[in-house]
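Sequence lines set the chain letters: A, B, ... in the order given, protein chains first and strands last, and positions in each chain run from 1. Heavy-atom basis, side chains included; hydrogens, waters and symmetry copies ignored.
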Amino acid sequence: MTRILVSKSNAIIPFISSFYILPSSSIRPYSSLKGKVGVRINVENEVKCLDDAVNLFNRMVRMKPLPSLPVFCTLLKTMVNMKHYYAVISLFREMRKLDIPINEFILSNVINNYCMMHRVDCAFSLLPIHLKSGIPFNVVTFTTLIRGLFAENKVTDAVVLFKNLVREKICEPNEIMCGTVMNGLSKRGHTEKTLSLLRLMEQGNTKPNIYIYNVVIDAFCKDRNLDAAISILNEMKQKGIPPDIVTYNSLIDGLCKLGQWEKVKTLLSEMVNLNIYPNVLTFNILIDGLCKEGKVEDAEEVMRHMIEKGVEPNIITYSVIMDGYCLRGQVDRARRVFDIMIDKCIEPDIFSYSILINGYCKKKEVAKAMQLLGEISQKGLKPETVTYNTILHGLFEVGRIGDAKRVYAEMLSVGPKPSIYTHSTVIDGYFRWSKFSEMRTFMVEMADRGFSFDASTAGFLVNVVRENPSVLDMIPELHSKNKY
DNA sequence: ATCGACGTAT
């Protein structure tokens, strides 16, 4: 199936060029006035890397008197932001060992740290510290835990926790907690439940705010239910909550993906009339919409226009245009955009590489794709599961089975976890080239590492056997080690 | 201190 949409009437280019003038200088949001904590320690200024953080911590614990708890708290928070999760845990343990007192804010940061590591189980195991030390629970702690559960796809657990908190009156859910639950539900396809929560909030004490409405609108847009999204937009307007740039970006994205360019124009005019000006995301959405219709030249035109208006393209702008060229089979042009991007001092990320690799694979230029795969680690980046899936698919497509085997082995050693798509790509590849013994070995190894058949591989296998019953003998009986 | 909008593979 091609991803290029059939174009609807669209004179979006002259429209975009004509309809607004950006304010001369963009308004900067508040600068970092927050976070000034403690006596002479400005954690944000002092800590630029892990070493800084650990050194500062070691200095702090030797100070007499000890720095205030907010200083420790800010340090831990800074480290969580820098993704030094393991270091946070060891510093927290050190604090416990040194009998440095802790408070609810420090604990909620450590809990958040575990959630960011996708270890919500460890996060929950900190709750006894609250109880033993008599530290009160707060909404933030529970909101963090709910977010952690969603992050690990434990939707039921998240909902159960939320319901219990409300029913047992353990804490009063605020807009942010409700928003977290609704965001988690909507991102996992439960738009209906998200909407019922909105209706509940409208009747309760915690009235929905702009964030909540934006979550609901985005959920409907992702479901391609633009009518419902727009009726929520009208509801919020009626209630006196003005839509913001996020609201408009969600809606414009939904409309672009449906090819409804006339409505896109209406919304663009509407937002500008409200003095809400398109930002880099808005332009990226428009550029992506055009690219997916195969109109990369128009997309480039929009890019020139945004630069004229003082909105700088970012790495996503370039990725979108690169993918646009790849969709039309013009991978060399995509490559040129890639190089231009580097000239503009924007370092390619794993997305940029994956898009190019996909482009080369589509053109069956797997050698170039392999070369790029090698370049990724040289640049200090890590290929993702998607990157490997793409290249494995490309290699099997041209029958380079030996290379595919090597790449799969590399994937296992480098670390990104094979997904259901990886498995079906490999099984499908072996099958298509009648490599039944390899297919068999692969399936056994797959089961040994704890994977069983899933919706994707099972469907594929059923089809294979239906068309070619003799393959049945090649398929091993698998007993996944993860199951009982 | 906690929440929202854009890009890659099947």
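OP1 or OP2 of B/dG4 lies within a sub-4.0 Å distance of a side-chain N or O belonging to A/Asn183. Put simply, A/Asn358 has a side-chain N or O that comes within less than 4.0 Å of OP1 or OP2 on B/dA9. Residue A/Arg147 has no polar side-chain atom (N or O) positioned under 4.0 Å from OP1 or OP2 of B/dT2. Distances shorter than 4.0 Å separate none of the side-chain N or O atoms of A/Lys292 from OP1 or OP2 on B/dC6. For A/Lys187 and B/dA5, the shortest distance from a side-chain N or O to OP1 or OP2 is below 4.0 Å. Residue A/Lys222 has no polar side-chain atom (N or O) positioned under 4.0 Å from OP1 or OP2 of B/dG4.
Per the geometry, CZ belonging to A/Phe72 stands 18 Å off P belonging to B/dA1, to the nearest Å. For the pair A/Met116 CE and B/dA1 C1', the computed distance is 13 Å after rounding to whole Å. Remark: P of B/dC3 and CG of A/Leu198 are 20 Å apart, rounded to the nearest angstrom. If you take CD1 of A/Ile241 and P of B/dG4, they are 18 Å apart, rounded to a whole angstrom. Nucleotide B/dC3 holds its P atom 13 Å from the CE atom of A/Met177, rounded to whole Å. Atom-to-atom, CG of A/Leu373 to C1' of B/dT8 comes out at 14 Å; the value is rounded to the nearest Å. If you measure from atom CD1 of A/Ile217 to atom P of B/dC6, you get 13 Å, rounded to the nearest angstrom. Straight-line distance from the CE atom of A/Met322 to the C1' atom of B/dT8: 9 Å, rounded to whole Å.
Across all strands shown, A/Ile285 has heavy atoms under 4.0 Å from sugar-phosphate atoms exclusively, and none from any base. At a threshold of 4.0 angstrom between heavy atoms, the contacts of A/Asn209 with the nucleic acid are absent. Residue A/Asn314 is classed as having no contact, given no heavy-atom separation below 4.0 Å to the nucleic acid. Counting non-hydrogen atoms under 4.0 angstrom, A/Thr425 reaches nothing in the nucleic acid. A/Ser354 comes within 4.0 angstrom of a base, heavy atoms only. As judged by a 4.0 angstrom heavy-atom cut-off over every strand, A/Asn109 is placed among residues making no nucleic acid contact. As judged by a 4.0 angstrom heavy-atom cut-off over every strand, A/Glu175 is placed among residues making no nucleic acid contact. In this structure, A/Leu281 reaches the bases: a heavy-atom distance under 4.0 Å links it to at least one base atom across the strands shown.
Here A/Tyr211 does not count as stacked on B/dG4, because the ring centres are not under 5.5 angstrom apart with planes under 30°.
Distance from the side chain of A/Lys77 is smallest for B/dA1 among the nucleotides B/dT8, B/dA1, B/dG4. Counting only heavy atoms from C-beta on, A/Lys257 has its side chain closest to B/dG7 among B/dT8, B/dG7, B/dA5. Listed nucleotides: B/dT8, B/dA5, B/dA1. Nearest to the side chain of A/Asn138: B/dA1. For A/Val140, whose side chain is taken as the heavy atoms from C-beta onward, the closest listed nucleotide among B/dG7, B/dT2, B/dA5 is B/dT2. Which of B/dA1, B/dC3, B/dA9 sits closest to the side chain of A/Thr180 comes down to B/dC3. For A/Val246, the side-chain atoms get nearest to B/dG4 when compared with the rest of B/dC6, B/dG4, B/dT2. Picking from B/dA9, B/dC6, B/dT8 the nucleotide with the shortest atom distance to the side chain of A/Phe351 gives B/dT8. Listed candidates were B/dG4, B/dG7, B/dA9. Nearest to the side chain of A/Lys362 is B/dA9.
Considering only heavy atoms from C-beta on, A/Ile357 comes within 4.5 Å of A/Ile376 through its side chain. Using a 4.5 Å cut-off on side-chain heavy atoms (C-beta onward), A/Leu286 and A/Cys256 make contact. You'll find the side chain of A/Asn112 stays beyond 4.5 Å of the side chain of A/Tyr85, heavy atoms only.
Considering only residues two or more places apart in sequence or on other chains, A/Arg406 meets the salt bridge (Lys or Arg N to Asp or Glu O under 4.0 Å) condition with A/Asp403.
The ring pair (Phe, Tyr, Trp, His ring centres under 6.0 Å) analysis of residues 322-344 of chain A, with sequence neighbours excluded, yields the pairs A/Phe338-A/Tyr353.
Side-chain atoms of A/Thr141 and A/Asn138 include a donor-acceptor pair closer than 3.5 Å.
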| task | Decide yes or no on side chain to side chain contact (heavy atoms under 4.5 Å, CB included) for A/Glu397 and A/Cys361, but give the supporting numbers first. | result | CA-CA 9 Å; A/Glu397 196 81 5; A/Cys361 286; over 6 Å; no
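Remark: the A/Asn112 side chain and the B/dA1 base include no donor-acceptor N/O pair separated by less than 3.5 Å.
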